[in-house]
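Just below is one structure, and these are the notes that go with it.
Throughout, protein chains are lettered first and strands after them, A, B, ... in sequence-line order, and every chain is numbered starting at 1.
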Protein chains: 2
Amino acid sequence: MAEAKIPKATAKRLPIYYRYLNILFNAGTNRVSSTELSEAVQVDSATIRRDFSYFGALGKRGYGYDVEDLLNFFKKTLNQDRLTNVALVGVGNLGHALLNYNFQQTNSVRISAAFDINEEIANTIQSGVPVYPMADMKEQLQIQQIDVAILTVPINHAQDVADELVAAGVKGIMNFTPIRLSVPATVRIQNVDLANELQTLIYFLDHYGNEAGTSDTAK
Amino acid sequence: MAEAKIPKATAKRLPIYYRYLNILFNAGTNRVSSTELSEAVQVDSATIRRDFSYFGALGKRGYGYDVEDLLNFFKKTLNQDRLTNVALVGVGNLGHALLNYNFQQTNSVRISAAFDINEEIANTIQSGVPVYPMADMKEQLQIQQIDVAILTVPINHAQDVADELVAAGVKGIMNFTPIRLSVPATVRIQNVDLANELQTLIYFLDHYGNEAGTSDTAK
DNA sequence: TTCTTTTGTAAAAGTCGGTCACCTTTTGTC
DNA sequence: GACAAAAGGTGACCGACTTTTACAAAAGAA
């Protein structure tokens, strides 16, 4: 809610900058210029300056950016300094993997609750995360004040579960199902359709042969 | 190699059309108009017509599209009619999950080989997929004529493994590591940075509060 | 002080995707 | 067979973002 409108393209680059700043910091580097950064993260230096400028004047003219200051700034901005709990709904193949997946080498994001309809899995602990039955979802989400959920349920339950999540006050859903969820405008959906992604990749290979093309996820 | 330049946005919609066409076909529907399709897939009818038109004249004026014809066309275009083998490198948490993951309900994509540096995993079969040691990678990729790989290795090996993949003739890499791989222009990279994705989602929630925003992966 | 470096940003240019509007073709009805 | 209705194909346009250019302003360096 802090800053005005950060372009989506910029927001997607922030974690990249953040990652590299960490490397610099750990290497004991004090200062860095947009030009140096540019080479490392493969983003035009002007774009980097423009990106940074959305947050105000972070650097010093004729000097560059102070690595530690910048790092701390991003840490705050990206909420790396506090823990964000997220929920995972649907402990199937993929769901289970994500429980194990070390979300960000850092420790700012943690899956603190999982939910599954399967009675055998519910009420157990999987990969260190407690799994609750679907009936407890709303309650748990509210108790734990979770407002981000990862959706890895089968296609045919996707919309229903999404509705429940919304009803429970969730504000962001990372949707791994191929379904286009319909939710209120206040809820943000991040679609991650792995099968689609892979298929598109294959499609481009077969039909374009060669060409550059480092496409992001979400683009 | 066939058609000219299909916009990325269009390419990403193709699997969506395909999915719905299957439903129509199974329901015994013979014809469908862009307007009808529009409602079902929530894409403007003009956009649908435009999308289709990249492939030539697939419909009949005053009539619409023949469901079966269209389905078959897409089946070919999306390579749903033949099996594409892909490899997976790095059988860790995420890698293991993807082995289990039913890539596309259909059966056109299959992970037919996996590779891992870990001696304990190599030479076993995980979730029905044979796991080879890294030393055998190049050989296996060539024997099995695999040109798409899924990269789920630890960060510090990402670039090295990517280099090996390229050397083995791989043409497309679905990169799950946060590293920006540098590869020849002839190799297509599809980045899927889950942590980044999640972080961006959280970032937007915290800083924008609410607003519409069904953002896709990629763009 | 003066020169050099490097930021911050206004403005320009580019990119891409979506939508409109209209023409053409085919259907289907009388 | 003629004509109205339906629906695809497509050129042109619009609009939203993004990137890049370009340069003044500020800070450091000597």
Original post:
Roughly, in whole Å, what's the span from NZ in K8(B) to P in dG18(C)?
Top reply: 13 Å
Original post:
For the pair made of CZ in R50(A) and P in dG14(C), what is the distance, rounded to whole Å?
Top reply: 17 Å
**OP:** Give the rounded distance in Å between these two atoms: OH of Y54(A) and P of dT7(C).
**Re:** 17 Å
Original post:
Quick one: R31(B) CZ to dG8(D) C1', roughly how many Å, whole number?
Top reply: 12 Å
Original post:
Any donor-acceptor pair under 3.5 Å joining the side chain of R61(A) to the base of dT7(C)?
Top reply: yes
**OP:** Return the 5'-most residue of the pair A46(B), G62(B) with respect to DNA chain C, ranking by each residue's nearest nucleotide.
**Re:** A46(B)
Original post:
R49(B) or E36(A): which one's nearest nucleotide on DNA chain C is closer to the 5' end?
Top reply: E36(A)
Original post:
Taking CG from D51(B) and P from dG9(D), how many angstroms apart are they, rounded to a whole number?
Top reply: 12 Å
Subject >> Flag side-chain contact, heavy atom, 4.5 Å: S108(A) against K75(A) >> reply: no
Original post:
Looking only at side-chain N and O atoms, does Y65(A) come under 4.0 Å of OP1 or OP2 in dT5(C)?
Top reply: no
**OP:** Pick base, sugar-phosphate or nothing for A57(B), based on heavy-atom distances below 4.0 Å to the nucleic acid.
**Re:** sugar-phosphate
**OP:** May I ask you to say what F52(A) touches in the nucleic acid, namely base, sugar-phosphate or nothing, with a heavy-atom cut-off under 4.0 Å?
**Re:** nothing
Subject >> F55(B) CZ - dG8(D) P separation (whole Å) >> reply: 17 Å
Subject >> Residue among T10(B), L70(B), V43(B) satisfying side-chain contact (heavy atoms from CB on, under 4.5 Å) with Y17(B) >> reply: V43(B)
Original post:
Does dT19(C) have OP1 or OP2 sitting under 4.0 Å from an N or O in the side chain of T47(B)?
Top reply: yes
Original post:
Are side-chain heavy atoms of I111(B) and I150(B) found at a separation under 4.5 Å?
Top reply: yes
**OP:** Check whether any side-chain nitrogen or oxygen of R13(B) sits under 4.0 Å from OP1 or OP2 of dG18(C), and answer yes or no.
**Re:** yes
Subject >> Residues N22(A) and R19(A): side-chain donor-acceptor under 3.5 angstrom >> reply: no
Original post:
Can you check whether S34(B) has a side-chain N or O nearer than 4.0 Å to OP1 or OP2 of dG8(D)?
Top reply: yes
**OP:** Step by step, work out the side chain to side chain donor-acceptor pair (under 3.5 Å) result for D51(B) and T47(B).
**Re:** CA-CA 6 Å; D51(B) 281 347; T47(B) 301; over 6 Å; no
Subject >> Interatomic distance, I48(B) CD1 vs dA7(D) P [rounded to whole Å] >> reply: 13 Å
Original post:
Roughly how many Å is it from NZ in K60(B) to C1' in dA5(D), rounded to a whole number?
Top reply: 18 Å
